[in-house]
2 protein chains.
Amino acid sequence: MMGTIRDINMSAANAPTAPLPSGQGIAADLIAVLVAVTESEPLVLTIQDERALPSGPFELAHRSLQSGLRAWVERQTRLPLGYVEQLYTFADRDRGGAEQQVISISYLGLTREQRAAGEFVATWRSWYVYFPWEDHRVGAPAMIETVILPRLRAWAEALPASSLRHDRWQRAAITFGFDGRAWNEELVLQRYELLYEAGLIAEAERNGPLSPARSLAANDSSPSMGRAMILDHRRILATGIARLRAKIKYHPVVFELMPETFTLLQLQRCVEALAGRLVHKQNFRRLIEQQELVEETGETSQDTGGRPAKLFRFRREVFTERAIVGTKLPISRA
Amino acid sequence: MMGTIRDINMSAANAPTAPLPSGQGIAADLIAVLVAVTESEPLVLTIQDERALPSGPFELAHRSLQSGLRAWVERQTRLPLGYVEQLYTFADRDRGGAEQQVISISYLGLTREQRAAGEFVATWRSWYVYFPWEDHRVGAPAMIETVILPRLRAWAEALPASSLRHDRWQRAAITFGFDGRAWNEELVLQRYELLYEAGLIAEAERNGPLSPARSLAANDSSPSMGRAMILDHRRILATGIARLRAKIKYHPVVFELMPETFTLLQLQRCVEALAGRLVHKQNFRRLIEQQELVEETGETSQDTGGRPAKLFRFRREVFTERAIVGTKLPISRA
DNA sequence: TGCGTAATGCTCATATGGAGTATAAGACTA
DNA sequence: TAGTCTTATACTCCATATGAGCATTACGCA
């Protein structure tokens with residue numbers, strides 16, 4: 001599913017080409033979305049004036065891609081990677097130079113620490129700098145109403161056929177929760193793709209006009225539409241955020257972002273930072289405790305501002321105790 | 001997470017190597033897991049005497065990997081691909097020849113038709129031929145009790161330390177549902193990896209001994225352990241099955257495998273074929289209907305063997321009507 | 001001592017999912 | 001033609017999960 005929209009739009013640039021003469025090869029890059037959470041802010045590691053994700057060539061020294069990325073990140077940043085997961089591999093022709101094709105393999109990595117160390121200059125940045133419309137913790141950001149909604153409406157209205165206008169607007173309404181629909185925090189990538197298609201994202205301009213409809217839309221990517229990145233790094237970041245937001249709901253990966261011991265509120269704030277929305281405190285505690293994901297350390301934290309909170313630690317045994325997955329079909333357990 | 005187990009085992013073979021001299025490149029392959037379902041059997045397209053998944057070099061003629069795979073499959077097999085999804089990219093060093101590194105990008109594709117046509121000889125085969133322990137539709141296969149259980153127990157007992165023995169056995173118990181645990185049909189890959197590690201899979205022998213513990217285990221991969229495949233194609237197939245079994249629970253992809261019109265029982269049998277277990281008929285219908293995934297055609301099918309069944313068709317509108325995802329966190333809807 | 005801020009305990013209504021009962025409508029057969 | 005087999009289809013029941021709110025407790029601080 002991913003990339004479908006972009007594919008369609010770029011089909012104009014699709015000319016038949018001969019396969020590569022064998023003997024010549026393709027270059028492979030690793031691109032990392034490294035995430036940490038500090039003081040209720042979800043951070044992503046960036047380089048190049050905060051306009052790029054860390055990346056590097058895939059070296060054959062490694063026995064697998066996964067270990068290649070891990071070694072490379074830990075050498076460059078001195079960060080211990082708690083959790084690593086492959087995101088997506090792409091090789092769109094419009095990326096990079098024309099002479100050699102580059103395959104990019106992107107990874108999501110979670111870490112506890114976030115001191116900027118290592119061989120190159122890297123900066124931790126809140127990912128909401130790149131996606132200001134994604135943070136709904138204090139309500140929907142005003143810019144959705146004032147900036148995004150009118151432009152997407154104009155973009156939809158720019159179509160000739162009524163049914164197509166309707167489809168476009170419905171897509172916008174679903175992804176952004178217009179017309180009284182609920183906000184769905186997992187649709188990070190879909191929202192980015194939609195804005196890209198509508199010409200509201202700075203990166204879209206660099207790749208030339210997408211379609212005639214584009215020029216009809218409000219075709220300026222204002223600074224309020226988030227910080228731009230090189231190539232399609234922002235799309236990769238969107239993929240990582242979407243994956244992480246989905247993952248925390250059925251797999252205990254949040255704990256890879258937490259210190260050794262923590263209060264339940266700290267844990268909650270971490271989840272909220274990632275999800276970009278608030279959760280019901282009592283129900284959150286109930287969920288965590290009934291799943292026996294944590295155990296008390298016996299100590300309490302005084303610096304809560306109110307009543308002292310018990311400190312907990314993650315029960316790593318859960319990984320060996322049970323397989324953690326979800327279910328939705330009416331499958332008989334007999 | 002994926003591949004972690006294998007990674008650990010092969011760390012003995014991990015020698016530091018210089019990065020490739022720039023200028024030379026890497027070869028990229030596409031590998032396809034193509035699935036169809038006919039008469040309650042989940043089929044996968046195979047080549048080379050049913051011992052390989054269809055694969056081919058990634059050609060630069062395509063604007064993206066996705067379209068590259070689609071074009072290539074449709075040209076080779078003349079099958080219309082309804083749904084395509086990237087599975088995983090890997091580049092383990094022990095695959096293929098040593099002279100050139102190959103990156104393999106695997107895809108899952110769903111199709112309705114299954115006539116063997118196209119430029120090369122391909123065969124549709126039930127995927128349970130490769131994973132006989134995965135079909136629980138008529139109860140757990142006897143070979144789990146008679147073959148797998150005793151060998152995994154021996155494999156666990158072969159360890160010196162009691163705690164390690166316990167860990168191994170617990171892993172086996174979780175993935176295969178021993179000791180009164182429930183069977184989890186999504187753990188296809190975990191089960192394959194476990195059997196591989198325990199030396200019960202023919203493919204493991206080709207890659208040399210994994211660890212000293214291996215020789216202590218019942219180290220013969222009997223024919224009852226399923227048909228072997230070249231390289232790690234069987235692992236890729238396991239990945240595809242696992243992904244599909246998980247996906248059908250929250251995304252309406254089953255319909256890509258169904259004919260235009262179908263009865264609810266046909267749909268149920270298709271789901272059961274994929275999941276490898278039975279579902280409660282009445283609840284299945286309730287679920288399908290309350291989600292408004294299908295609409296009546298007005299006609300009925302007589303060849304049910306009993307009371308004629310209404311024919312339904314998939315409501316493609318659901319894709320534009322709503323975003324289809326799941327939720328598990330206590331997220332406020334206010 | 002009173003207030004602000006959290007932690008923590010408990011209740012309640014509703015939604016969801018697993019499982020069973022009952023009835024309907026065809027084909028087939030004695 | 002009645003009886004039987006098979007499948008479709010309509011409901012009911014119950015346990016549990018989930019969303020939401022109320023009440024109480026416990027600390028720092030003015």
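Below, each value reflects all heavy atoms present in this structure, side chains not excepted, and no hydrogens, waters or symmetry copies. By convention in this document, chain letters (A, B, ...) are assigned in the order of the sequence lines, proteins followed by strands, and residues within each chain are numbered from 1.
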Salt bridge check: are Arg137(B) and Glu41(B) linked by an N-O gap of less than 4.0 Å? yes
What pairs of nitrogen or oxygen atoms, one from the protein and one from nucleotides 27-30 of chain C, lie under 3.5 Å apart?
none

The answer to which of Leu265(B) and Gln290(A) contacts DNA chain D further toward the 5' end, by nearest nucleotide, is Leu265(B)
Counting the atoms with a prime plus P, OP1 and OP2 as sugar-phosphate, which does Lys281(A) contact under 4.0 Å by heavy atoms, base, sugar-phosphate, or nothing? base
Less than 3.5 Å between a donor and an acceptor, one on the side chain of Arg286(A) and one on the base of dG9(C), is that the case here? no
Check: Using 4.0 Å as the upper bound for N to carboxylate O, is an ion pair formed by Glu185(A) and Arg277(A)?
Finding: yes
When rounded to whole Å, the OH to P distance for the pair Tyr250(A) and dA17(D) reads 21 Å
**Q.** Base of dT21(C) paired with side chain of Gln282(B) (donor-acceptor, under 3.5 Å)
**A.** yes
- Could a donor-acceptor pair under 3.5 angstrom be found where the side chain of Arg307(A) meets the base of dA7(C)? yes
- Report the C-alpha separation of Glu296(A) and Arg315(A) in whole Å, then their side-chain angles, then the decisive distance to 0.1 Å, and conclude whether the salt bridge (charged side-chain N to carboxylate O under 4.0 Å, His left out) test is met. CA-CA 10 Å; Glu296(A) 301 184 13; Arg315(A) 288 184 62 245; over 6 Å; no
>> With hydrogens left out and only the distance checked, is there a donor-acceptor pair under 3.5 Å joining His280(A)'s side chain and the base of dG21(D)?
In response: yes
Practice problem: Determine, for Trp183(A) and Arg191(A), whether the Lys NZ or Arg CZ falls below 6.0 Å from the six-membered ring centre while staying within 45 degrees of the axis. | Solution: yes
- Under the 3.5 Å rule, do the base of dG18(C) and the side chain of Asn283(B) count as making a donor-acceptor pair? yes
Rounded to whole Å, the CG-C1' distance (Leu311(A) to dC27(D)) equals 15 Å
Between CZ of Phe284(A) and P of dT8(C) the distance, given in whole Å, is 13 Å
With the threshold set at 4.0 Å, does a side-chain nitrogen-carboxylate oxygen contact exist between Asp179(A) and Arg181(A)? no
Leu287(A) atom CG is separated from dA20(D) atom P, nearest whole Å, by 14 Å
Q) Is a salt bridge present between Glu145(B) and Arg153(B), judged by a nitrogen-to-oxygen distance below 4.0 Å? A) no
